[in-house]
Number of protein chains: 2
Amino acid sequence: MSDEEKKARLRLREFLPYRLSVLSNTVSRGIANLYDREFGLTIWQWRVMAVTGDTPGISATDIGQRTAMDKVAVSRAVAGLIELGYMERKTSESDGRRSQLFLTPAGQDIYEMIVPIALEAERKLMAPLTSEEQAELSRLMQKLAGSASPERPLW
Amino acid sequence: MSDEEKKARLRLREFLPYRLSVLSNTVSRGIANLYDREFGLTIWQWRVMAVTGDTPGISATDIGQRTAMDKVAVSRAVAGLIELGYMERKTSESDGRRSQLFLTPAGQDIYEMIVPIALEAERKLMAPLTSEEQAELSRLMQKLAGSASPERPLW
DNA sequence: GTCAATTAGTTACATATGAAACTAATAAAA
DNA sequence: TTTTATTAGTTTCATATGTAACTAATTGAC
């Protein structure tokens with residue numbers, strides 16, 4: 001076989017990082033539109049609300065870890081949510097640097113409205129997969145996530 | 001069961017759109033670092049090179065369709081690549097609006113250097129999956145992509 | 001042919017994002 | 001203690017990105 005024939009080809013449409021990016025962007029864009037249209041929230045604001053609704057009193061740093069957001073993004077999302085009246089901040093008594101974040105009653109209402117809408121969107125997205133396929137996808141993504149973790153970069 | 005008990009919960013870490021986004025960002029960031037570090041290219045420049053290397057003479061609009069990039073992003077990536085001396089543009093004889101894009105010899109060299117590196121990165125990413133799992137993942141992503149296509153938005 | 005409508009691609013502008021510098025508070029070292 | 005280093009969070013600045021407006025060429029209607 002000549003060198004010429006051995007040249008590897010890269011078909012973008014079959015290249016996993018590309019496919020992952022396109023799929024993720026399509027899904028994220030759809031969801032972002034939904035949150036923005038219905039509630040005037042960005043994806044990051046919603047993520048912050050989601051974990052705060054789930055874990056009242058959480059700090060900004062911990063939100064960052066739970067949402068894969070950097071601290072600047074968290075800071076901005078929190079500022080926006082306070083501005084909107086959906087969140088309030090107290091300062092930790094034991095540590096004056098640390099914030100303790102809570103949803104306001106208005107924020108709690110929004111939270112409770114979004115959760116079922118978000119779950120329904122996920123359901124529709126997954127609808128073409130059987131429940132076995134859904135479980136398998138989840139498992140495979142888990143494996144990939146381990147393989148691609150930023151702490152142990154592969155390249 | 002009371003209404004209180006029926007409240008749905010949303011665990012971000014298990015929410016598919018979120019997991020997809022985190023996984024895709026992790027992978028994309030790793031690959032972007034690789035291209036930038038080794039060749040001084042952005043992901044978008046590399047995508048444009050990839051399809052131009054595969055389809056010499058392609059137009060900017062067609063690149064956009066093949067790479068899921070909007071025309072502004074393609075325009076900027078092409079401008080950067082021309083600046084770097086990796087790409088050249090001719091104007092179509094039959095249609096004066098249309099460009100015909102080609103890799104220069106220098107661009108061709110870079111292209112041939114990147115392709116195996118990119119494929120190797122993909123291989124490492126997928127290494128923890130058996131080949132059956134890889135095929136299954138591909139199939140499931142295909143299904144999801146159909147479900148989430150922007151032409152037929154679900155939400 | 002002439003004029004309106006469409007298409008390819010670029011430019012301008014406004015917003016989003018991330019890295020680094022910064023402030024304030026706490027912890028650790030001396 | 002005081003002083004040095006670390007941590008939580010915000011602000012600043014430079015760059016990236018998307019939308020909309022724009023230019024130039026082509027097509028279609030008449």
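Order of the sequence lines sets the chain letters (A, B, ...), proteins ahead of strands, with each chain counted from 1.
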Measure from [atom1] on [X] to [atom2] on [N] and round the result to the nearest Å.
| X | N | atom1 | atom2 | value |
| --- | --- | --- | --- | --- |
| A:R29 | D:dT19 | CZ | P | 6 Å |
| B:I43 | C:dG18 | CD1 | P | 14 Å |
| B:D36 | D:dT15 | CG | P | 14 Å |
| A:R98 | C:dT26 | CZ | P | 12 Å |
| A:N33 | D:dT19 | CG | P | 9 Å |
| A:M69 | D:dT10 | CE | P | 12 Å |

Would A:S59 and A:R98 count as a side-chain hydrogen bond (donor to acceptor under 3.5 Å, both in side chains) here? Give the steps. CA-CA 6 Å; A:S59 71; A:R98 226 172 163 74; 3.3 Å; yes
Could you walk me through whether B:R47 and A:S21 pass the side-chain hydrogen bond (donor to acceptor under 3.5 Å, both in side chains) check? CA-CA 12 Å; B:R47 284 191 190 169; A:S21 166; 3.1 Å; yes
Shortest non-hydrogen contact from B:S147 to A:P128?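 Shortest heavy-atom separation between B:S147 and A:P128 comes out as CB-CG, 3.5 Å.
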What are the two closest heavy atoms between B:T104 and B:G85, and how far apart are they?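 Shortest heavy-atom contact: OG1-O, 2.7 Å.
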Report whether A:I43 and A:V72 are members of the same hydrophobic cluster (ILVMFWY, side-chain heavy atoms less than 4.5 Å apart, transitive linking).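 No.
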Do B:M113 and B:F102 share a hydrophobic cluster (ILVMFWY, side-chain heavy atoms under 4.5 Å, transitive)?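 No; tracing contacts between hydrophobic side chains, which count when under 4.5 Å, never links both residues.
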Would you indicate what A:S99 reaches in the nucleic acid, counting non-hydrogen atoms under 4.0 angstrom: base, sugar-phosphate, or nothing?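 The answer is sugar-phosphate, as A:S99 gets under 4.0 Å only of primed atoms, P, OP1 or OP2.
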Listed partners of [X] passing side chain to side chain donor-acceptor pair (under 3.5 Å), at least two apart:
| X | value |
| --- | --- |
| B:K90 | none |
| B:R97 | B:D95 |
| A:Y111 | none |

To the nearest 0.5 Å, what is the distance between CD (A:E83) and CZ (A:R76)?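 So the gap between those two atoms works out to 15.0 Å.
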Could I get a table of every N or O pair under 3.5 Å where one atom is in the protein and the other is in nucleotides 20-25 of chain D?
residue : atom : partner : partner atom : Å
D:dA25  : O3'  : B:G96   : N            : 3.3

Would you kindly compare A:D70 and A:E93 by the position of their nearest DNA chain C nucleotide and give the one closer to the 5′ end?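 Counting from the 5' end, the first nearest nucleotide belongs to A:D70.
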Give a yes-or-no answer on whether the side chains of A:T52 and A:R66 include a donor-acceptor pair shorter than 3.5 Å.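 No pair is found: no donor N or O on one side chain lies under 3.5 Å from an acceptor on the other.
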Please list residues of residues 75-91 of chain A whose heavy atoms come under 4.0 Å from any atom in DNA chain D, ordered by number; otherwise none.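 Contacting residues: A:S75, A:R76, A:R89.
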Which of residues 51-66 of chain A sit near DNA chain C, with a heavy atom under 4.0 Å from it?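 Hits under 4.0 Å, by residue number: none.
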